[in-house]
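What follows is one structure encoded as structure tokens, with my remarks underneath.
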Amino acid sequence: MRRIFLWAARNAWLRDHLPRMRFMRRAVRRFMPGETMESALDAAAPLQAAGIGTMYTKLGENLESLAEADAVADHYIAVLDAIEARGLAGEISVKPTQLGLDIDEDRALAHLTRLAAHAATTDSYVWIDMEGSAYTDATLRLYERVRAVQPRTGICLQAYLRRTAVDIERLRPLDPAIRLVKGAYDEPARIAFRGKREVDASYLELAAAFLTEGRGRPIRLGLGTHDVALIEQIAMRVAAEGIGRDGFEIEMLYGIRTGEQFRLAREGYRVQTLIAYGDAWYPWYMRRLAERPANVTFALRSLLP
Ligand SMILES: Cc1cc2nc3c(=O)[nH]c(=O)nc-3n(C[C@H](O)[C@H](O)[C@H](O)COP(=O)(O)OP(=O)(O)OC[C@H]3O[C@@H](n4cnc5c(N)ncnc54)[C@H](O)[C@@H]3O)c2cc1C
């Protein structure tokens with residue numbers, strides 16, 4: 001099931017046709033409050049009232065022209081301004097291919113550097129998403145170059161990739177900000193753990209080691225997962241090393257395990273919700289369906305009037 005949805009995420013014909021169907025548009029609303037930046041920012045109010053921070057991402061990937069990438073960068077500048085104007089504890093999360101990485105790495109770097117400089121003046125932060133493994137090296141390079149000049153930047157790393165422990169060691173001299181996720185793409189066994197148990201074990205080890213070895217340093221770790229049992233296991237493991245619930249962050253997607261997000265915030269964890277918006281939601285939504293078969297039932301129910 002997972003592989004079928006990940007295949008569908010990449011299929012051009014489906015990408016052109018499915019999003020036009022009304023039931024698809026209804027179903028995706030579960031994971032995104034709307035297609036506009038305003039709808040995403042509006043969704044922050046109840047979260048902020050509960051002490052939950054927000055991150056914003058405009059959906060879209062693998063752009064075909066640099067002009068599109070320039071427009072995306074300008075859009076994120078406007079998002080940073082809107083976050084500040086509304087007094088939100090908000091950050092942005094950006095896909096490198098949305099900033100033109102496929103076409104011109106230096107242009108993508110220039111955009112990221114500009115966004116990070118603007119984020120620094122608005123008391124915000126820029127996260128770099130991690131895409132499929134074809135982009136891992138280039139994304140790490142981008143992060144190293146931008147972090148050298150703009151500290152308010154973080155990178156997403158994927159626990160399912162066998163290389164990630166080495167990548168964390170490589171970044172360590174930068175005192176990095178890392179969002180650790182399990183990984184959302186279909187990667188071969190040669191480079192990635194494929195079973196849930198192996199991925200979870202890798203996640204636990206990477207998170208615990210990053211926190212304990214970085215103790216006392218200005219690092220930042222976001223646990224980008226809805227796996228509450230795993231989060232609690234990590235919290236227990238690092239508590240034994242003197243690292244409390246405020247020593248890391250929990251990052252979840254809008255619309256997923258919402259009750260748990262509020263509960264964890266009440267219990268003293270630092271929680272952030274990533275809110276996606278935009279009209280290019282199709283591949284992103286297919287990846288959400290791949291993660292959890294129960295979401296497919298939900299999507300099918302949206303076929304009903
Ligand atoms: C803030 C954030 C940023 C992310 N950024 C990236 C990125 O840049 N690159 C990347 O490759 N991946 C990214 N991901 C996706 C990530 O890699 C996983 O695919 C996704 O989080 C699902 O795995 P899980 O960690 O929640 O664990 P799982 O083991 O898949 O799920 C644990 C439990 O969480 C719940 N759950 C998980 N997914 C769903 C869902 N879709 N709908 C309903 N319930 C669900 C279920 O109850 C499930 O039992 C991001 C995830 C988050 C939360």
Side-chain angles (χ1 to χ4, degrees), residues 1-2 5-6 9 27-32 47 52-61 90-98 101 125-136 139-140 142-143 154-161 164 167 177-187 191-204 206-207 220-234 248-261 264 270-276 281 283-299:
M1 183 84 111
R2 178 171 188 268
F5 279 105
L6 292 178
V28 76
R29 288 300 292 263
R30 181 180 171 198
F31 297 117
M32 46 180 265
L47 297 163
I52 298 175
T54 42
M55 295 175 290
Y56 300 90
T57 194
K58 179 173 163 49
L59 297 173
E61 46 205 91
E91 305 182 339
I92 59 171
S93 197
V94 188
K95 282 198 174 12
T97 61
Q98 240 185 337
L101 180 64
Y125 214 87
V126 178
W127 288 96
I128 306 174
D129 291 350
M130 186 60 80
E131 299 172 77
S133 57
Y135 298 106
T136 312
T139 305
L140 283 162
L142 271 184
Y143 182 58
I155 185 171
C156 177
L157 295 179
Q158 297 152 327
Y160 66 7
L161 290 187
T164 295
D167 290 339
I178 291 177
R179 168 193 298 150
L180 188 64
V181 300
K182 290 189 186 178
Y185 298 83
D186 192 18
E187 304 291 1
I191 60 165
F193 303 113
R194 292 181 58 93
K196 177 169 165 58
R197 202 175 294 171
E198 283 177 309
V199 176
D200 289 359
S202 163
Y203 195 106
L204 173 64
L206 292 170
R220 192 173 164 191
L221 178 67
L223 300 178
T225 178
H226 313 100
D227 194 335
V228 175
L230 183 56
I231 292 169
E232 288 174 343
Q233 234 180 316
I234 294 164
F248 54 90
E249 291 149 51
I250 297 169
E251 303 181 352
M252 295 195 189
L253 302 180
Y254 176 88
I256 300 183
R257 303 208 115 172
T258 309
E260 289 292 318
Q261 297 188 29
L264 290 162
R270 292 162 61 199
V271 182
Q272 295 223 84
T273 302
L274 178 63
I275 306 177
W281 43 261
W284 177 86
Y285 181 50
M286 286 298 116
R287 291 197 289 273
R288 303 290 79 79
L289 294 183
E291 282 157 9
R292 190 161 151 80
N295 291 334
V296 182
T297 321
F298 181 86

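Atoms within a ligand are numbered from 1 in the order they appear, just like the ligands themselves. For the numbers below, each heavy atom of this structure counts, side chains included, while hydrogens, waters and symmetry mates do not.
Within 4.0 Å of ligand 1, contacts by protein heavy atoms are made from Asp129, Met130, Cys156, Gln158, Arg179, Val181, Lys182, Gly183, Ala184, Tyr185, Lys196, Gly224, Thr225, His226, Asp227, Glu251, Met252, Leu253, Ile256, Arg257, Leu274, Arg288, Glu291, Arg292, Asn295.
With no hydrogens or angles considered, no side-chain donor-acceptor pair links Glu131 and Thr139 at under 3.5 Å.
At a threshold of 4.0 Å, the pair Asp227-Arg257 does not count as salt-bridged, since none of the basic side-chain nitrogens sits closer than that to a carboxylate oxygen. Comment: Arg194 engages Asp186 in a salt bridge, judged by a side-chain N to carboxylate O separation of less than 4.0 angstrom.
Taking Ser133 as the reference, Thr136, Glu187, Ile191 meet the side-chain contact (heavy atoms from CB on, under 4.5 Å) condition, with sequence neighbours excluded.
Figure legend: cation-pi geometry between Arg30 and Tyr254 absent, as NZ or CZ is not positioned both under 6.0 Å from the six-membered ring centre and within 45° of its axis.
The CD atom of Glu249 sits 8.0 Å away from the CG atom of Leu221 when rounded to the nearest 0.5 Å.
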